[in-house]
Visitor: 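First the structure, then my questions, so here it is.
In what follows, chains are A, B, ... by sequence order, proteins preceding strands, each numbered from 1. Values in this document were obtained by computation on a predicted structure and should not be read as measured data.
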Amino acid sequence: MNQQFTATEHTPTRVSDGAPDNERGRDASYSVLFAHPDERRKQATEPSFFADLNLGQLVETISADHERYALPEFFYEPLHDPAQVDYRHQVLNDLDREEIAAAVGAFVDTMREMRDRLSLSADVHDVRQRQRWFLAAAEAYCDAVEQLAIDLGNVLPGSVALRGLRTFTVAYGHSPEFVELKAEIQQLIDELGQVRYTVRSKGLEITVDHFSEETDLTQEVQETFARFRENAAKNYGARFLEHADNNQVESWILELVAELNPDLFGRLAQFCKRHADYLDPTLARFDREIHFYLAYLRYIEPLKAAGVAFCLPAVSSDSKQVMARGARDVVLTRKLVANGVEVVANDFELSGPERILVVTGPNQGGKTTFSRMFGQLHHLAALGLPVPAQQASLFLPDQMFSHFEREEDIRSLRSKLEEELVRIHEILEQASERSILIMNESFGSTTAADALRVGRQVLERIIELDMICVCVTFVDELSQLGEGTASMMSTVAADDLTRRTFRVIRKPADGLAYAVALAQRHELGYDQLKRRIAR
Amino acid sequence: MKVLLMDPAHPLDLEATPPPNAEQLIQDLELETLLGAMAAGDRFLYRVARAAILGSVAITDPAVITYRQRVVADTVAHPDVIDRIYGIAVEAIRGERNIWGLGHASPESLLSRSLQRLDLFMDKLKELLEVAGQHADAFESDGFRQFFSMLVDQLPADYFDAVAGQVAQLRKPALLVSAQLGAGNKAINYTLRSPWPESWRERLSPFRHKGLSFQVADRDEAGARAISELRARAINDAANAVAQSADHILAFFRSLHTELAFYLGVANLQRSLSELGQPTCVPMATPTASAKPQLSARGLYDPCLALTLNGPVVGNDLEGDGKSLVVITGANQGGKSTFLRAVGLAQLMLQAGMFVGADTFAADARDGIFTHYKREEDTDMRHGKLDEELDRMSAIAKWLRPGSLLLSNESFASTNEREGSEIARQVLAALTECGVKVIFVTHLFDLAHRLAVGPHDEVLFLRARRAEDGQRTFEVEPGDPLPTSYAEDTYAQVFGETLR
């Protein structure tokens with residue numbers, strides 16, 4: 001059982017029975033993710049566009065190794081204010097500094113150790129074992145805090161967030177209650193370490209007693225026969241499997257040891273009761289939230305190692321003049337880098353009155369990837385995270401929508417077209433001028449003429465809304481609806497019309513020559529086919 | 001406790017790597033005959049004799065040689081006592097094998113079997129002490145004196161009492177273990193303890209409680225298993241210590257077995273040669289001398305020849321002090337090879353600390369003993385015969401050191417006399433200048449002649465003697481080389497007519 005976080009505050013598992021959960025009086029409003037914790041809108045569900053943009057895969061991979069921190073909800077909740085984004089950018093800049101990264105790393109490692117021990121203190125059956133693990137968890141906690149106070153004391157972070165943490169931790173580390181907690185823990189650990197007892201086993205009877213300096217029989221044997229020892233000897237010692245849980249006999253023995261040392265074990269039990277919520281909520285929260293940054297950084301680490309460019313984008317909540325240079329789809333890139341394949345980067349720009357990128361061109365040419373990249377970049381930017389681009393200036397939308405071609409749903413009573421229209425209608429009802437929409441091969445399930453008419457109508461509505469949109473389509477005419485649209489095309493190699501370059505560039509749509517070239521390559525061109533069949 | 005009957009400081013290592021030319025030595029010096037006589041049919045005696053004899057090529061310290069000679073003397077003087085000690089060692093080793101079986105399962109069974117081994121070994125050690133008590137005074141060699149006094153010093157009566165006490169404690173059904181609390185309050189540092197005697201405990205603190213107890217129910221299988229595991233953990237280290245201790249004592253008995261086997265072999269050989277009426281003597285060994293090498297003998301014979309013919313053989317005298325090169329020429333089948341072998345075996349046996357087949361023998365110890373005999377034509381016809389000879393000599397050159405001994409029998413005869421002489425001249429010059437002693441049997445007259453007419457203070461010329469009537473004598477005497485090897489005698493014998 002992993003220590004699971006709830007969406008609100010974390011409370012550690014208690015060992016003793018009785019006392020109900022109680023909120024501490026201490027203010028846990030400090031957060032390394034939000035300048036003002038009230039800013040949190042508590043969106044705990046996956047946004048609708050996640051699946052289309054493959055962001056679901058990204059979050060799944062990231063949280064795979066970090067289950068206990070319940071990170072997905074942070075990835076679901078975009079920021080809307082550049083100041084909030086800047087708050088996070090500052091933290092990332094700090095994490096780029098070796099001393100700070102090391103200090104944070106050491107802290108989360110020790111806290112992980114603490115959580116492992118807390119797990120054991122919940123899992124094992126024997127109460128005296130649980131108490132000991134709880135003590136060990138508290139010990140790890142004190143070590144983590146102390147070390148963090150020292151480490152942060154030696155550097156001055158640049159971010160408001162980490163400066164706040166520093167102030168808090170140093171003060172907390174010196175607070176009388178922490179100092180006392182640490183002293184009590186150390187005392188108990190020392191005394192427990194000094195306990196020595198004997199077990200006498202005869203038949204089915206076990207007798208436990210204090211140790212009275214009886215002689216070490218193994219040592220006696222070794223000394224007696226030392227005179228015969230000339231060379232190194234073979235080791236016959238058996239190895240035993242170690243289990244965390246005591247078996248029944250070991251439990252009974254432990255119980256008798258406790259009876260022989262009633263004061264010490266009594267104090268141990270009391271400690272567990274009194275300090276059930278030793279864990280400071282601010283630090284607990286920090287321990288969880290910092291993993292939002294750390295896990296993402298770990299996710300993009302192999303990409304950076306392969307030379308993929310990342311940057312902290314400039315963001316704005318009013319200017320829709322967006323651009324990016326050398327940008328990539330982060331999820332696809334991660335897969336391809338793992339296979340040693342080079343990934344093509346692309347640029348985009350919307351300037352002046354431009355709001356809609358209409359992307360046409362040959363199939364499998366990278367149009368869908370391009371549209372995903374556009375969406376991903378914006379969402380990651382809204383999370384305050386580095387984006388895979390050399391340079392980027394992006395918009396913070398109030399909402400983001402996606403409209404991708406879906407498989408026909410046999411259970412649906414609607415036709416595919418109807419279903420798509422219903423969806424796009426819903427989107428347009430909810431969207432505002434500050435929204436972003438990514439459309440991919442919409443309205444493909446109808447005639448070209450109808451697709452043109454529907455597409456034009458929808459696009460005109462989008463233009464009216466003045467929202468940013470990427471529209472991947474085979475309907476070339478849509479790229480010329482007015483000054484609000486900008487035409488881009490996926491391209492093929494000049495010397496071989498059947499080879500995709502995966503570069504998507506700004507140029508006017510220029511028809512379907514490529515499909516024909518591809519057909520001819522397969523000897524399916526009109527003349528070719530006639531010749532082949534006539535033979 | 002080391003046995004140290006072969007060397008004041010080092011036990012004999014049966015597994016030591018033999019010298020690189022072991023096979024050649026065995027073949028050229030007929031060592032199988034010698035080893036066979038030492039072993040007298042016993043495979044272990046053979047193995048030890050072989051290792052010891054081959055290993056002696058590296059023994060150059062006269063102190064070690066003397067040490068062994070004295071032990072040989074004691075062995076021969078007290079054969080019954082030696083047999084008895086040898087028998088005790090054999091019983092210890094065989095008995096142990098019966099107890100030990102094939103490996104072990106649990107700490108409990110490891111402990112139980114190891115305690116049985118200890119019981120056996122303690123009995124055998126007591127028997128050794130008894131022998132020491134009865135006979136130690138009659139032994140004169142440093143080797144045996146130190147062996148017996150070691151036994152007496154290291155194994156006093158109270159030692160056996162202490163061992164018995166610990167063994168008894170380890171056999172008791174009740175065991176006591178101390179422990180501490182580790183992570184999660186798991187028991188750690190299980191250490192087996194000897195409990196204080198009841199009477200002590202009461203005196204220490206009469207009001208102390210006797211500990212807290214519980215009992216596992218009769219039908220509780222899991223509980224019984226838990227107790228088993230607890231006991232196994234408790235005795236794990238002790239069981240290992242006892243097993244290792246038994247191993248150490250076994251190693252002691254094995255060492256005793258091995259070293260006595262050598263001396264039994266020497267005694268066997270001595271007896272065989274005496275029965276044939278052949279003399280043996282304790283040779284005199286001096287330190288390896290490159291400048292003034294020593295080699296002198298009276299009545300030196302080839303023991304392997306005597307054993308093979310099962311009868312008496314001729315001995316020869318030799319005055320080789322100060323000579324780094326001995327050249328032996330003369331009649332075919334005149335005894336040159338036999339003489340060469342006699343010298344080689346004597347050197348080997350001297351360094352092994354044994355007696356030598358002669359009336360008297362004295363030599364400096366040589367650092368490595370090598371042979372270069374002529375061989376059958378190379379069967380795979382890859383090399384010519386000369387090629388093969390040079391190849392072999394080159395291999396030997398790799399191992400030769402200043403202070404080595406080289407016995408050469410008809411080397412470089414596989415080419416014409418001129419060429420062979422020139423090659424040999426260079427080889428001999430180089431070797432002797434480096435301090436290698438060479439005994440060189442040859443028909444190369446050109447070489448022998450040139451050596452004889454030049455300055456030759458350090459060369460001894462010997463000739464296989466031919467009587468007036470042409471009969472062989474198998475005697476070798478000082479004499480300059482003659483241009484003929486009396487092939488006419490052999491020709492006449494075979495063809496029944498004279499050689500023109």
Side-chain angles (χ1 to χ4, degrees), chain A residues 117 120-121 124 126 128-133 136 192-212 214-222 224-225 227-231 233-238 240 242 244 246-250 252-254 256-257 259-260, chain B residues 1-2 11 104 106-107 110 154 159 162-163 166 169-170 173-181 183-187 191-196 204 210-218 222-224 226-227 229-234 236-245 247-249 251-252:
Chain A
R117 295 177 187 181
L120 281 163
S121 86
V124 298
D126 184 319
R128 309 251 179 224
Q129 286 199 281
R130 290 206 295 272
Q131 288 169 353
R132 187 68 193 267
W133 280 119
L192 284 166
Q194 282 159 20
V195 169
R196 300 182 82 177
Y197 61 96
T198 59
V199 175
R200 182 176 180 272
S201 156
K202 184 170 181 187
L204 293 173
E205 187 183 85
I206 301 280
T207 305
V208 179
D209 202 350
H210 292 288
F211 176 63
S212 322
E214 291 94 339
T215 35
D216 182 340
L217 192 45
T218 307
Q219 205 174 32
E220 270 194 341
V221 166
Q222 280 167 340
T224 302
F225 294 100
R227 64 197 62 190
F228 287 101
R229 187 190 181 99
E230 292 302 330
N231 296 312
K234 179 176 162 184
N235 186 356
Y236 295 95
F240 297 93
E242 303 298 339
N246 273 346
N247 61 41
Q248 188 60 68
V249 165
E250 288 170 326
W252 284 333
I253 291 175
L254 180 57
L256 292 183
V257 173
E259 257 186 68
L260 287 171
Chain B
M1 278 177 64
K2 295 195 202 171
H104 53 273
S106 61
L110 175 71
Q154 296 285 328
Y159 179 77
V163 170
Q166 282 166 21
Q169 182 61 48
L170 288 163
L175 59 82
L176 184 72
V177 64
S178 71
Q180 293 176 278
L181 299 173
N185 276 345
K186 286 288 279 180
T191 310
L192 196 64
R193 302 273 171 190
S194 281
W196 299 120
L204 277 176
K210 301 229 196 297
L212 305 171
S213 306
F214 65 87
Q215 189 120 8
V216 167
D218 271 333
I227 289 187
E229 189 178 319
L230 174 73
R231 292 175 69 92
R233 281 176 194 266
N236 194 28
D237 286 342
N240 188 33
V242 175
Q244 288 180 336
S245 301
D247 281 353
H248 293 313
I249 304 180
F252 170 79

Visitor: Quick one: CZ on A:Phe240 to CZ on B:Arg233, what's the gap to the nearest 0.5 Å?
Guide: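 Reported to 0.5 Å precision, the distance equals 6.0 Å.
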Visitor: What's the spacing between A:Thr198 OG1 and B:Leu192 CG if we round to 0.5 Å?
Guide: 12.0 Å
Visitor: Name the region of A:Gln248, side chain, backbone, both or neither, that has any atom closer than 4.5 Å to a heavy atom of chain B.
Guide: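 No part of A:Gln248 comes within 4.5 Å of chain B.
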Visitor: Dump the intermediate steps for side-chain contact (heavy atoms from CB on, under 4.5 Å) on B:Leu181 and A:Tyr197, then the final yes or no.
Guide: CA-CA 9 Å; B:Leu181 299 173; A:Tyr197 61 96; 4.0 Å; yes
Visitor: Under a 4.5 Å cutoff for heavy-atom pairs, which residue among A:Asn247, A:Asp216, A:Leu120, A:Val199 has the most contacts with chain B?
Guide: A:Val199
Visitor: Report, as yes or no, whether the 6.0 Å neighbourhood of atom CG on A:Asn235 holds more than 12 heavy atoms from other residues, nucleotides or ligands.
Guide: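 Correct, the count exceeds 12.
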Visitor: Of all of A:Arg196, A:Arg200, A:Gln222, A:Arg229, which one pairs up most often with chain B through heavy atoms under 4.5 Å apart?
Guide: A:Arg229
Visitor: What I'd like to find out is whether the side chain of A:Phe225 reaches to under 4.5 Å of the side chain of B:Val163, using heavy atoms alone.
Guide: yes
Visitor: Are any side-chain N or O atoms of A:Glu205 and backbone N or O atoms of B:Phe214, one a donor and one an acceptor, separated by less than 3.5 Å?
Guide: no
Visitor: Could you state the interatomic distance from CG (A:Leu192) to CG (B:Asn185), rounded to the nearest 0.5 Å?
Guide: 6.0 Å
Visitor: How long is the straight-line distance from CD1 of B:Ile227 back to NZ of A:Lys202, given to the nearest 0.5 Å?
Guide: 13.5 Å
Visitor: Specify the closest pair of heavy atoms between B:Tyr159 and A:Thr224, including all atoms of both residues, with the distance to one decimal.
Guide: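 Here B:Tyr159 and A:Thr224 meet closest at OH-O, 2.9 Å.
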Visitor: Report the option among A:Asn231, A:Val249, A:Val257, A:Asp126 that has the most heavy-atom pairs separated by less than 4.5 Å from atoms of chain B.
Guide: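 Looking at each option in turn, the highest pair count goes to A:Val249.
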Visitor: Once rounded to the nearest 0.5 Å, what's the spacing between atom CG of A:Asp209 and atom OG of B:Ser213?
Guide: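 The OG atom of B:Ser213 is 9.0 Å from CG of A:Asp209, to the nearest 0.5 Å.
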Visitor: Measuring from atom CD of B:Gln169 to atom CD of A:Glu220, what distance do you get when rounded to the nearest 0.5 angstrom?
Guide: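 One gets 8.5 Å once the value is rounded to the nearest 0.5 Å.
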Visitor: Which answer fits A:Ala238, side chain, backbone, both or neither, if we ask what part of it has an atom under 4.5 Å from a heavy atom of chain B?
Guide: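 Both backbone and side chain.
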